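Computed from a prediction, not measured in an experiment: that's the story for all the values here. Lettering follows sequence order; numbering is per chain, from 1.
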Amino acid sequence: MSGFLETNPRTHTCGALRASDIDRRVVLTGWVQSYRDHGGLVFIDLRDREGVTQVVFDPGLSAEAHRLAGELCSEHCVGVAGKVVARGANVNDNLATGAIEVWADTLEVFSRAETPPFPVEDKLDTNEALRLKYRYLDLRRPRLQKNLITRSAITTTVREYLSRHRFLEIETPFMVKYTPGGARNFLVPSRLNPGSFYALAESPQIFKQLLMGAGYDRYFQIVRCFRDEDLRLDRQPEFTQIDIEMSFIDEVQLQTTIEGMVAALWRDVLGREVTLPLRRMTHAEALERYGVDKPDLRLDLVLCDVTAACRQSGFRVFEGVVAGGGIVKCLRVPEGERLSRSMLDGLTDFAKPYGVKGVAFARVQDGGAWQAPFAKSFKDEARDEVNRVAGAGPGDVLLFVAEKAKAANTCMGAIRLHVGDKLGLIRKDEFQFLWLTDPPLFEVDDDTGEVAAAHHPFTSPRAADEALLERSPKDVLARAYDLVLNGVEIGGGSIRIHRSELQARVFKALGISDDDARAKFGFLLEAFRYGPPPHGGIALGLDRLAMIMAGAESLRDVIAFPKTQKGSDLMTDAPTGVSKKQLDELYIQVSPALPTRA
RNA sequence: GGAGCGGUAGUUAAGUUGGUUAUAACGCCGGCCUGUCACGCCGGAGGCCGCGGGUUCAAGUCCCGUCCGCUCCGCCA
């Protein structure tokens, strides 16, 4: 049984052989992808992560190998030795190795496979739950293997690029002090300190700033982060960041460094050139024109604000919303005849989850008149002004949402993408990068007036806005930036505060008392009493980056062992309950209100 | 916390206004086949219709609940 690999060490992968290898004696290993028994000849497609090669068993060449081959099944793990032969008239153009085949004289079955619960191939869309339960089989599919190979290529290039630019890769703790604010933390009980908990780091933010203080002026880490928030297509509870921090730079220098890395990634991994510098847009412009803080620029449609024109338009629905402090947002869709009545009516249902009551629409006629249910009540001057602001002309359809600003923007942003997708206006082969700049430093709650950090409390305000910290916090803009790619936020960062006087003012604006600040971030504040450098950084979402670069549809497809939307791992069955003994050791009691679990 | 979609053979799906024995394809098992590559041909086995209640003479189908998966809103400094 043993000994095959000793006498027949693997010579090639299953994606390697070409016409130039004809007559060579080779040894391949892999899994049986498919099996075609002609009674006389037996063909198998042998698969490894590099590709597929056809292997032929001819009883005339080796009766023993042919006999063994007759018992093969899908997903058996085998090794074959034999000669590379030209396919002649039987070339298979669908295979990279299609010019040749291997005439095997020796077959070793390393291990047999039970019939897999689903076929190991790309095209079938098997139920996600089943795929996750048998993740190790799912991961055999070429599509997923390609994704993980791409992901590995990304981290290789990142390490090369950053090392070349004198960044140091430094690890920081996962088990950290709980810090309030921001994402919910996973907690880890401390056995040695009963009743006390670590938090799993939601990011290495404070540690990398401390490293700057310590003089490691260029740091990076490809690091796992943990956030106990609800999952999405592009959000997992544990995910990986390319975490970066630099001293003695401003935002443009940092962005230039990151742009260089992005260009290197696209060149090395995808063989595509990225034009630098990347486009920039302010946060305010993004909200105004795209309704979101992560515009997808593969689509040319833009929104406009027609609140002023609607204030006294005669159309009471809009007037009422405007009088109540809301806004009216408009999307101009060219070639509006392609939008059917049922599609337009359907938009109201589409808008509901956004807390929007309705989506109004008007077809613009020759001369600028509207064909719309509310056209009669809409004053001509107001209509002309809307047409002017929207740049509308005959044939266009205008879509309107009138709501509070946040809901109107979010909803119209979503409608823009929805309609653009329906009409095939999104250029799917493009990579549209964008730096989003100058976001507000604070988020001010409309109802309570409470001030919260929009990014994190160490983000520096723009120098010009410092004077507004006390007077008008909502107008203070931050030295922060997001990197957006095709409508996905793939990174975000900021220039940090390194002057304690400024930090104190920001804390004060946030309503954090000196005592609070000391209790929560005391070690950072103390560290920054000892000559911290000016510094700033960014964190890029490796998973999202990999998802886009690999052309994957879900974050799960670029993570080897992802979790379901409820955060469970269907393969290992995590999370599970634990024994009373384990809990006792940690001085933890599970609430009796909970039904007990395994 | 909320909304929507889905769950039928190993897999992917069909299953009509509730009505005989729940279909098909692929896969699987047995047989045949020396140029296939989605091989082909002949035969066969395979079902807790997610789970629990209810309505009904009768439930895969209708109602209620529940579990799981997916997508979204809220949430993600």
Problem set entry | Greater than 12 external heavy atoms within 6.0 Å of A:Y198's OH | no
For this session: Step through the shown structure and confirm whether more than 12 heavy atoms of other residues, nucleotides or ligands are within 6.0 Å of CZ on A:R49.
Result: no
For this session: Pick out which of A:E128, A:Q565, A:Q236 makes a side chain to side chain donor-acceptor pair (under 3.5 Å) with A:R556.
Result: A:E128
For this session: Please evaluate the base of B:C37 for a donor-acceptor partner in the side chain of A:N92 within a cut-off of under 3.5 Å?
Result: yes
Exercise. Under the 3.5 Å rule, do the base of B:G6 and the side chain of A:N127 count as making a donor-acceptor pair?
Worked result: no
Problem set entry | Centroid-centroid distance, A:F528 to A:H498, less than 6.0 Å | no
Problem set entry | P spacing across the pair B:C72 / B:G53, given as an integer number of angstrom | 35 Å
Exercise. Who does B:U61 pair with, Watson-Crick or G-U, both distances under 3.5 Å?
Worked result: none
Exercise. Can a donor-acceptor pair under 3.5 Å be found between the side-chain atoms of A:E128 and the base atoms of B:G7?
Worked result: no
Exercise. When the distance from OH of A:Y354 to P of B:G2 is rounded to whole Å, what number comes out?
Worked result: 20 Å
Exercise. Under 4.0 angstrom, heavy atoms only, what part of the nucleic acid is A:K352 near: base, sugar-phosphate, or nothing?
Worked result: nothing
Exercise. Over how many whole Å does the gap from A:D37 atom CG to B:C29 atom P extend?
Worked result: 12 Å
Exercise. Touch check for A:E114, heavy atoms < 4.0 angstrom, all strands: base, sugar-phosphate only, or nothing?
Worked result: nothing
Problem set entry | Separation of atom CG in A:D349 from atom C1' in B:C5, rounded to whole Å | 14 Å
Exercise. For A:Y219 and A:D243, does a side-chain donor sit closer than 3.5 Å to a side-chain acceptor?
Worked result: yes
Seminar exercise, completed: Tested for side chain to side chain donor-acceptor pair (under 3.5 Å) against A:R140, the lone hit among A:Q145, A:E121, A:E75 is A:E75
For this session: Report the residue (A:L231 or A:G567) whose heavy-atom-nearest nucleotide on RNA chain B is the more 5′ of the two.
Result: A:G567
Exercise. C1' atom, B:G31 versus B:U23: distance in rounded Å?
Worked result: 26 Å
Exercise. Roughly how many Å is it from CD in A:Q54 to C1' in B:C37, rounded to a whole number?
Worked result: 6 Å
Problem set entry | base_contact_polar (B:C75 base, A:R227 side chain, donor-acceptor, <3.5 Å) | no
Problem set entry | Sugar-phosphate only, base, or nothing, as touched by A:A454 at under 4.0 Å among non-hydrogen atoms | sugar-phosphate
Exercise. Taking atom C1' in both B:G50 and B:U8, what distance in whole Å separates the two?
Worked result: 10 Å
For this session: For the side chain of A:R556, starting at C-beta, report the closest nucleotide among B:U11, B:G74, B:U71.
Result: B:U71
Exercise. Rounded to whole angstroms, how far apart are CZ on A:R36 and C1' on B:C32?
Worked result: 18 Å
Exercise. Do A:T172 and A:Q221 have a side chain donor and acceptor closer than 3.5 Å?
Worked result: yes
For this session: Provide the Watson-Crick or G-U wobble partner of B:A3, both distances under 3.5 Å; none if there is no partner.
Result: B:U71
Exercise. Can you tell which of B:C76, B:C28, B:C70 lies closest to the side chain of A:S74?
Worked result: B:C28
For this session: Look at the side chain of A:P59 and decide which nucleotide, out of B:U11, B:G74, B:U34, has an atom nearest to it.
Result: B:U34
Seminar exercise, completed: Checking N1-N3 plus N6-O4 or O6-N4 for Watson-Crick, or N1-O2 and O6-N3 for wobble, each under 3.5 Å, the partner of B:G40 is B:C32
For this session: Check whether any side-chain nitrogen or oxygen of A:R235 sits under 4.0 Å from OP1 or OP2 of B:C72, and answer yes or no.
Result: no
Exercise. Using atom P of each nucleotide, how far apart are B:U61 and B:G65 to the nearest Å?
Worked result: 16 Å
For this session: Could you give the distance separating B:U11 and B:G18 at their P atoms, to the nearest angstrom?
Result: 29 Å
Problem set entry | Proximity to the side chain of A:N90 - top-ranked nucleotide from B:U36, B:A38, B:G27 | B:U36
Problem set entry | B:G69 phosphate, OP1 or OP2, under 4.0 Å from A:T564 side-chain N/O | yes
For this session: Please determine, for the side chain of A:T126, which listed nucleotide (B:C28, B:U71, B:U11) has the closest atom?
Result: B:U11
For this session: Return the 5'-most residue of the pair A:S203, A:K563 with respect to RNA chain B, ranking by each residue's nearest nucleotide.
Result: A:K563
Seminar exercise, completed: By the Watson-Crick or G-U definition, both distances under 3.5 Å, B:A24 is matched with B:U12
Exercise. Atom CD of A:E71 and atom P of B:C29: how far apart are they, to the nearest Å?
Worked result: 12 Å
Exercise. Checking only heavy atoms, does the side chain of A:R131 share a donor-acceptor pair with the base of B:G69 at less than 3.5 Å?
Worked result: no
Exercise. Taking atom C1' in both B:U16 and B:A59, what distance in whole Å separates the two?
Worked result: 15 Å
Exercise. If you look at every strand shown and take non-hydrogen atoms under 4.0 Å, does A:L570 touch a base, only sugar-phosphate, or nothing?
Worked result: sugar-phosphate
For this session: Please answer whether B:C39 and A:H38 are stacked, defined here as ring centres separated by less than 5.5 Å and planes angled under 30°.
Result: yes
Exercise. Taking atom C1' of B:C73 as reference, at what distance in whole Å does atom CZ of A:F350 sit?
Worked result: 11 Å
Problem set entry | Shortest side-chain distance from A:A183, nucleotide among B:U36, B:C75, B:C76 | B:C76
Exercise. Base, sugar-phosphate, or nothing for A:S568, non-hydrogen atoms under 4.0 angstrom?
Worked result: sugar-phosphate
For this session: Decide yes or no, distance alone: a donor-acceptor N/O pair under 3.5 angstrom between the base of B:C37 and the side-chain of A:R87.
Result: yes
Exercise. Passes ring-ring contact (aromatic ring centres under 6.0 Å, His included), A:F226 versus A:F174? Steps please.
Worked result: CA-CA 9 Å; A:F226 306 87; A:F174 284 162; 5.4 Å; yes
Exercise. Can A:F43 be said to stack with the base of B:U36, given centres closer than 5.5 angstrom and planes under 30 degrees apart?
Worked result: yes
For this session: With C1' as the reference atom in both, quote the distance from B:U34 to B:C70 in angstrom, rounded to an integer.
Result: 48 Å
Problem set entry | A:L233 CG - B:C5 C1' separation (whole Å) | 15 Å
Exercise. Which value, in whole Å, describes the distance between the C1' atoms of nucleotides B:G19 and B:G60?
Worked result: 13 Å
Exercise. Between atom CZ of A:F118 and atom CG of A:D138, what is the distance when rounded to the nearest 0.5 Å?
Worked result: 4.5 Å
